[in-house]
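From a predicted model like this one, the values you see are computed outputs, not experimental measurements.
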Amino acid sequence: MAKSRQRRGGRGRGARETLSAQVSGGTATLEPDPERASGWTLLLEGAPQSYVDLDDPAHLGFGYQRRLGHVIDLAAPAGRPLHVLHLGGGALTLARYTAATRPRSTQQVFERDAALTEWVRAALPLERGWRIRVRAGDAREGLAKLPEGWADLVVSDVFSGARTPAHLTSAEFLGEVRRVLRPGGLYAANVADGPGGGDGGTGAVAPGRRRRPLDHLRAQVATVRAAFASAALTADPAVLRGRRFGNAVLVAGDGELPVAELTRRAAGDPHPGRVESGESLAGFAAGAAPVTDATARPSPAPPEGTFE
């Protein structure tokens, strides 16, 4: 159970003071957005995790969330209900988005931090009628329990201490994702990386060797390209050039991906993104080896000051 340290404003829509609680992952904070009357940012140990607008769940406040939202939009014709599996819950932003834009969708969420989920759902309630089931537990263990061909879309957005756990970066993990996906289904993952320094937490780099920029992201691209017939990558151009630490979204499937529309939407974002696919994506990942359970390590930690 979450232990609240400060909660002056009560719950939900009427609460505009900062809320905080102790959860399994440390100190969780909900900060009100001064520019949107029902907007909240979730931080865990000071690192931004999610943004939610209670009155407008289709509003996605973070760039990576909008890019994942584009994938949700393009996974099927507009409005069609989907079976969606979310690995990582946070403030349940993308589950809320799916429920709002694709009514009657059936969604399952695996979130390890049960205390965080309890606190978030009390402070930022889900709407009645949304078919969202949140299960407490490890994302990969939960994935293994789902039946073959259950999901139209699998979204992986898992961070522990601002790093993606190693066991959610490997080819074996993607084998489980493929098993759960229906024919024609899509996989989307939020991947964080940036300029090199240290060993970076990726199996593509030997311990003690300095990372090159984007070593982790390149290895994740190589792993996804080995597992699926088609893949694309979308992110801020500065991130893709390795000039700053940030988030990139990997998209994969066994059919043709909606690259043209994804490119158009990324270009039209408030912070425009770029999309790499086909030969350009192969060039981006050149020299990187797919990650296995034996070589996997957590994603690199954000540089000091990233979230200031």
Visitor: Can we say Arg140 and Asp293 salt-bridge, meaning some charged N sits less than 4.0 Å from an Asp/Glu carboxylate O?
Guide: yes

Visitor: Report, as yes or no, whether the 6.0 Å neighbourhood of atom CZ on Arg133 holds more than 12 heavy atoms from other residues, nucleotides or ligands.
Guide: no

Visitor: Heavy atoms, side chains only, cut-off 4.5 Å: are Leu240 and Leu233 in contact?
Guide: yes

Visitor: Any chance you could measure Leu116, atom CG, to Ser24, atom OG, to the nearest 0.5 Å?
Guide: 8.5 Å

Visitor: Looking at Arg179 and Leu143, would you say the former's side chain and the latter's main chain have a donor-acceptor pair under 3.5 Å?
Guide: yes

Visitor: Where the side chain of Thr101 meets the backbone of Tyr97, is there a donor-acceptor pair that is under 3.5 Å apart?
Guide: yes

Visitor: Is there a side-chain contact between Thr164 and Val191 (heavy atoms, below 4.5 Å)?
Guide: no

Visitor: What I want to find out is whether Lys145 reaches Glu141 closely enough, with some N-O distance under 4.0 Å, to be called a salt bridge.
Guide: no

Visitor: What pair of heavy atoms forms the shortest contact from Ala166 to Ala296, and how long is it?
Guide: O-CB, 3.4 Å

Visitor: Compare every heavy atom of Ala231 with every heavy atom of Ser277, then report the nearest pair and how far apart it is.
Guide: CB-O, 3.8 Å

Visitor: Could you give the distance from CG (Asp157) to OG (Ser50), rounded to the nearest 0.5 Å?
Guide: 7.0 Å

Visitor: Show, in sequence, the C-alpha distance, side-chain angles and deciding distance for Trp119 and Leu42, and conclude whether the side chain to side chain contact (heavy atoms under 4.5 Å, CB included) test is met.
Guide: CA-CA 11 Å; Trp119 181 66; Leu42 171 68; 4.0 Å; yes

Visitor: In this structure, would Val71 and Leu85 fall into the same cluster of hydrophobic residues linked by side-chain contacts under 4.5 Å?
Guide: no

Visitor: Would you call His216 and Thr169 a side-chain contact if the rule is heavy atoms closer than 4.5 Å?
Guide: yes

Visitor: Is it true that, when you exclude Arg243 itself, more than 12 heavy atoms of the residues, nucleotides or ligands shown sit nearer than 6.0 Å to its CZ?
Guide: no

Visitor: Under a 3.5 Å distance rule, please check whether Arg244 uses its side chain to pair with a backbone N or O of Gly194 as donor and acceptor.
Guide: no

Visitor: How far does CD of Glu111 sit from CD of Glu118, to the nearest 0.5 angstrom?
Guide: 13.0 Å

Visitor: Minimum heavy-atom separation for Ala285 and Ala222, please, with both atom names.
Guide: CB-N, 4.2 Å

Visitor: Side chains of Phe173 and Val291, heavy atoms from C-beta outward: is any pair under 4.5 Å?
Guide: no

Visitor: So does Gly149 get a backbone contact from the side chain of Arg182, meaning a donor-acceptor N/O pair under 3.5 Å?
Guide: yes

Visitor: Can any side-chain N or O of Glu45 pair as donor or acceptor with the backbone N or O of Thr27 at less than 3.5 Å?
Guide: yes

Visitor: Below 4.5 Å, heavy atoms only, C-beta onward: do Tyr187 and Leu250 meet side chain to side chain?
Guide: no

Visitor: Among Asp53, Asp33, Asp56, which residue satisfies the side-chain hydrogen bond (donor to acceptor under 3.5 Å, both in side chains) criterion with Ser38?
Guide: Asp53

Visitor: Before giving the answer on side chain to side chain contact (heavy atoms under 4.5 Å, CB included), spell out for Thr234 and His70 the whole-Å C-alpha distance, their side-chain angles and the decisive distance to 0.1 Å.
Guide: CA-CA 10 Å; Thr234 177; His70 298 330; over 6 Å; no

Visitor: Rounded to the nearest 0.5 Å, how far does CH2 of Trp40 lie from CD of Glu31?
Guide: 10.0 Å

Visitor: May I ask you to decide if Ala99's main-chain N or O and Ser105's side chain share a donor-acceptor pair within less than 3.5 Å?
Guide: no

Visitor: Considering non-hydrogen atoms only, spot the tightest contact between Val109 and Gly88 and give its length.
Guide: CG1-O, 3.9 Å

Visitor: Quick one: do Val84 and Trp150 end up in the same hydrophobic cluster if we chain Ile, Leu, Val, Met, Phe, Trp and Tyr together by side-chain heavy atoms under 4.5 Å apart?
Guide: no

Visitor: Measure the CD-OG1 distance between Gln49 and Thr93 for me, rounded to the nearest 0.5 Å.
Guide: 10.0 Å

Visitor: Determine the minimum heavy-atom distance between Ala226 and Pro290, stating which atoms define it.
Guide: CB-CG, 4.1 Å

Visitor: Gln107 vs Arg131, test: side chain to side chain contact (heavy atoms under 4.5 Å, CB included). Steps then yes/no.
Guide: CA-CA 6 Å; Gln107 303 185 75; Arg131 301 176 183 178; over 6 Å; no

Visitor: Atom CG of Leu153 and atom CG of Leu181: how far apart are they, to the nearest 0.5 Å?
Guide: 8.0 Å

Visitor: Step by step, work out the salt bridge (Lys or Arg N to Asp or Glu O under 4.0 Å) result for Asp73 and Arg265.
Guide: CA-CA 10 Å; Asp73 292 344; Arg265 294 184 182 219; 3.0 Å; yes

Visitor: Counting only N and O atoms by type, is there a donor-acceptor contact under 3.5 Å from the side chain of Arg96 to the main-chain atoms of Ala91?
Guide: yes

Visitor: Check whether NZ of the Lys or CZ of the Arg Arg178 lies under 6.0 Å from the centre of the six-membered ring of Phe228 and within 45 degrees of that ring's axis.
Guide: yes

Visitor: Any side-chain heavy atom of Leu30 within less than 4.5 Å of one from Ser20?
Guide: no

Visitor: Please tell me if the side chains of Leu44 and Val23 come closer than 4.5 Å, counting only heavy atoms from C-beta onward.
Guide: yes

Visitor: Mind checking whether Val251 and Leu60 sit in one hydrophobic cluster, side chains of I, L, V, M, F, W, Y counted as touching below 4.5 Å?
Guide: yes

Visitor: Indicate if Val154 and Leu92 have the same hydrophobic cluster label, given that clusters are the connected sets of ILVMFWY residues with side-chain heavy-atom separations under 4.5 angstrom.
Guide: no

Visitor: Between Leu74 and Leu186, is there a side-chain heavy-atom distance shorter than 4.5 Å?
Guide: no

Visitor: Give the C-alpha distance, both sets of side-chain angles, the deciding distance and a yes or no for side chain to side chain contact (heavy atoms under 4.5 Å, CB included) between Val134 and Arg121.
Guide: CA-CA 10 Å; Val134 185; Arg121 293 186 69 167; 3.8 Å; yes

Visitor: Using the rule side-chain contact (heavy atoms from CB on, under 4.5 Å), only one of Val259, Val275, Val221, Val224 pairs with Leu281; which is it?
Guide: Val221

Visitor: Might you point out which heavy atoms bring Asp193 and Pro300 nearest each other, and give the distance in Å?
Guide: OD1-CG, 3.2 Å

Visitor: Membership question, hydrophobic clusters at under 4.5 Å side-chain separation (ILVMFWY): are Leu94 and Leu82 in the same one?
Guide: yes

